[in-house]
Number of protein chains: 2
Amino acid sequence: MPGSGGDPGFAEIFAALGDPTRLAIFDRLSDGQARSIASLSNDADMTRQAVTKHLRVLEMAGLVESHRIGRESRYAFCPDRLALARAWLDHVAGRWDSALMRLKSFAEQSSD
Amino acid sequence: MPGSGGDPGFAEIFAALGDPTRLAIFDRLSDGQARSIASLSNDADMTRQAVTKHLRVLEMAGLVESHRIGRESRYAFCPDRLALARAWLDHVAGRWDSALMRLKSFAEQSSD
DNA sequence: TCATTAAGCAACCTCCCGGTTGCATTTAAT
DNA sequence: ATTAAATGCAACCGGGAGGTTGCTTAATGA
């Protein structure tokens, strides 16, 4: 919603995306295929534990869901919070655009 | 661009937005009016120095521009990186949607 | 049954982030 | 000329983020 710059919820979402590793994981999961921690750890130059922590951050932010199957826990993309983040950015961009519009119409009116 | 989950540039943008104070400042500036540090400090429950640091982070990420006028430095909204961030989120959301589409068509085909 | 694989938990470490205080500097106002 | 306002710079601090290692436990496979 408008004027929600102070809402800590949005900040949490962006903060979760504010790390190259997490961004890569999130991007990777966006193809719809759920993956195990071990699988995601293979192409991240760090320990499985580190990847686990990143996944927890993404999950806390609601960007990702996990469910255990047998001995492995699979993480899956979760679109809801992503939509929220997009809506917020759209709102800000829209406000900026309308500010530009007002400025433009004022300039045109002045030069009449 | 696609497959750019590992690009540190995007992470920097999201990280800059990943703090309630900076989010509020960015939202505030989106009305097109440039503001001084002192002005922005008035409605943030912290020191002017803290606000200054936050503004530097936003500026480093390219979300905001500053120029000095007389004794005060005014910070202004900067739409380019915002557009980049929106494009990245759109890309991820699009990939997710097409994954859903494939899944749906597969399900329909299977049930034929 | 026994070895292996996937993961969880906990302790630890380093470094940076968010925030503060104190002081110096430049510009504006009186 | 003096005073006040707006900012910059540097040092400092506590806590949490990002990462590692070591050990334990649960599930799979041979």
Side-chain angles (χ1 to χ4, degrees), chain A residues 5-29 33-76 81, chain B residues 5-29 33-76 81:
Chain A
D7 188 320
F10 292 99
E12 189 187 11
I13 299 178
F14 290 126
L17 295 175
D19 176 281
T21 301
R22 288 195 294 266
L23 213 50
I25 291 176
F26 190 61
D27 185 52
R28 194 115 196 288
L29 290 178
Q33 186 166 24
R35 289 173 175 83
S36 71
I37 298 181
S39 158
L40 289 167
S41 300
N42 284 338
D43 31 32
D45 292 0
M46 67 188 68
T47 317
R48 168 184 58 89
Q49 296 298 338
V51 173
T52 298
K53 287 192 184 177
H54 282 300
L55 286 170
R56 291 226 210 284
V57 173
L58 286 171
E59 191 175 20
M60 284 304 105
L63 290 167
V64 137
E65 275 178 344
S66 78
H67 59 290
R68 248 194 123 132
I69 298 187
R71 69 178 157 183
E72 64 185 15
S73 53
R74 309 186 77 84
Y75 283 78
R81 300 300 171 89
Chain B
D7 188 319
F10 291 99
E12 190 187 10
I13 298 176
F14 290 125
L17 296 175
D19 177 281
T21 302
R22 288 195 294 265
L23 214 48
I25 292 176
F26 190 61
D27 185 52
R28 196 114 196 287
L29 291 178
Q33 186 165 22
R35 288 173 175 84
S36 70
I37 298 181
S39 159
L40 289 167
S41 301
N42 284 340
D43 32 32
D45 293 1
M46 67 188 69
T47 316
R48 168 186 57 88
Q49 295 298 336
V51 173
T52 298
K53 287 192 185 179
H54 282 300
L55 286 170
R56 291 227 209 284
V57 173
L58 286 171
E59 191 175 20
M60 285 301 106
L63 290 167
V64 139
E65 275 178 344
S66 78
H67 59 290
R68 249 195 123 131
I69 297 185
R71 71 178 155 181
E72 65 186 15
S73 54
R74 308 186 78 85
Y75 283 77
R81 299 301 172 89

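What you see is a predicted model; the values in this text were computed from it and never measured.
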Side-chain contact, heavy-atom cut-off 4.5 Å: [X] with [Y]?
X: A:Tyr75; Y: A:Arg56; result: yes
X: A:Thr52; Y: A:Arg48; result: yes
X: B:Ile25; Y: B:Val51; result: yes
X: A:Asp43; Y: A:Arg28; result: yes

- Evaluate whether atom CD of B:Glu65 has more than 12 neighbouring non-hydrogen atoms of other residues, nucleotides or ligands under 6.0 angstrom away.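 No - once you tally the heavy atoms of other residues, nucleotides and ligands closer than 6.0 Å, there are 12 at most.
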
- Message: With a 6.0 Å cut-off (strictly less than), is the heavy-atom count around CG of B:Asp45, excluding the residue itself, greater than 12?
- Response: no

- Query: Reckon A:Arg56 has a side-chain N or O less than 4.0 Å from the OP1 or OP2 of C:dC9?
  - Reply: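 Answer is yes, contact under 4.0 Å.
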
- Query: Given D:dG19, D:dT7, C:dA7, which nucleotide is nearest the side-chain atoms of A:Met46?
  - Reply: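 Selected nucleotide (nearest to the side chain): D:dG19.
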
- B:Ser73 side chain, from C-beta outward: closest of D:dT7, C:dG19, C:dG8: D:dT7

So which protein N/O to nucleotides 12-14 of chain D N/O distances come out below 3.5 Å?
none

Across the strands shown, which category fits [X] at heavy-atom distances under 4.0 angstrom: base, sugar-phosphate, nothing?
X: A:Arg74; result: nothing
X: B:Thr47; result: base
X: A:Ala38; result: sugar-phosphate

Nearest-Å distance for atom pair [atom1]/[atom2], residues [X] and [N]:
X: A:Ile37; N: D:dA26; atom1: CD1; atom2: C1'; result: 14 Å
X: B:Leu17; N: C:dG18; atom1: CG; atom2: P; result: 12 Å
X: B:His54; N: D:dG8; atom1: NE2; atom2: C1'; result: 17 Å
X: B:Asn42; N: D:dA5; atom1: CG; atom2: C1'; result: 12 Å
X: B:Glu12; N: C:dC17; atom1: CD; atom2: C1'; result: 15 Å
X: B:His67; N: D:dG8; atom1: NE2; atom2: P; result: 13 Å
X: A:Leu55; N: C:dG8; atom1: CG; atom2: C1'; result: 13 Å
X: B:Arg22; N: C:dG19; atom1: CZ; atom2: P; result: 9 Å

Between [atom1] of [X] and [atom2] of [Y], what distance do you get to the nearest 0.5 Å?
X: B:His54; Y: B:Thr21; atom1: NE2; atom2: OG1; result: 4.5 Å
X: A:Leu55; Y: A:Ser36; atom1: CG; atom2: OG; result: 10.0 Å
X: B:Glu12; Y: A:Leu23; atom1: CD; atom2: CG; result: 12.0 Å
X: B:Gln33; Y: B:Ser39; atom1: CD; atom2: OG; result: 7.5 Å
X: B:Leu17; Y: A:Leu17; atom1: CG; atom2: CG; result: 10.0 Å

- Query: Using the C1' atoms of the five pairs at each end, what is the angle between the end axes of the helix from C:dT1-D:dA30 to C:dT30-D:dA1, to 10°?
  - Reply: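 Computed from the C1' atoms at both ends, the axes differ by 20°.
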
- Message: Using only atom types and a distance under 3.5 Å, with no angle test, would you say the side chain of B:Arg81 pairs donor to acceptor with the backbone of B:Ala61?
- Response: yes

- How does each nucleotide of nucleotides 22-30 of chain C score, in 5' to 3' order, for protein heavy atoms under 4.0 Å: base (B), sugar-phosphate only (S), or none (-)? B----BS--

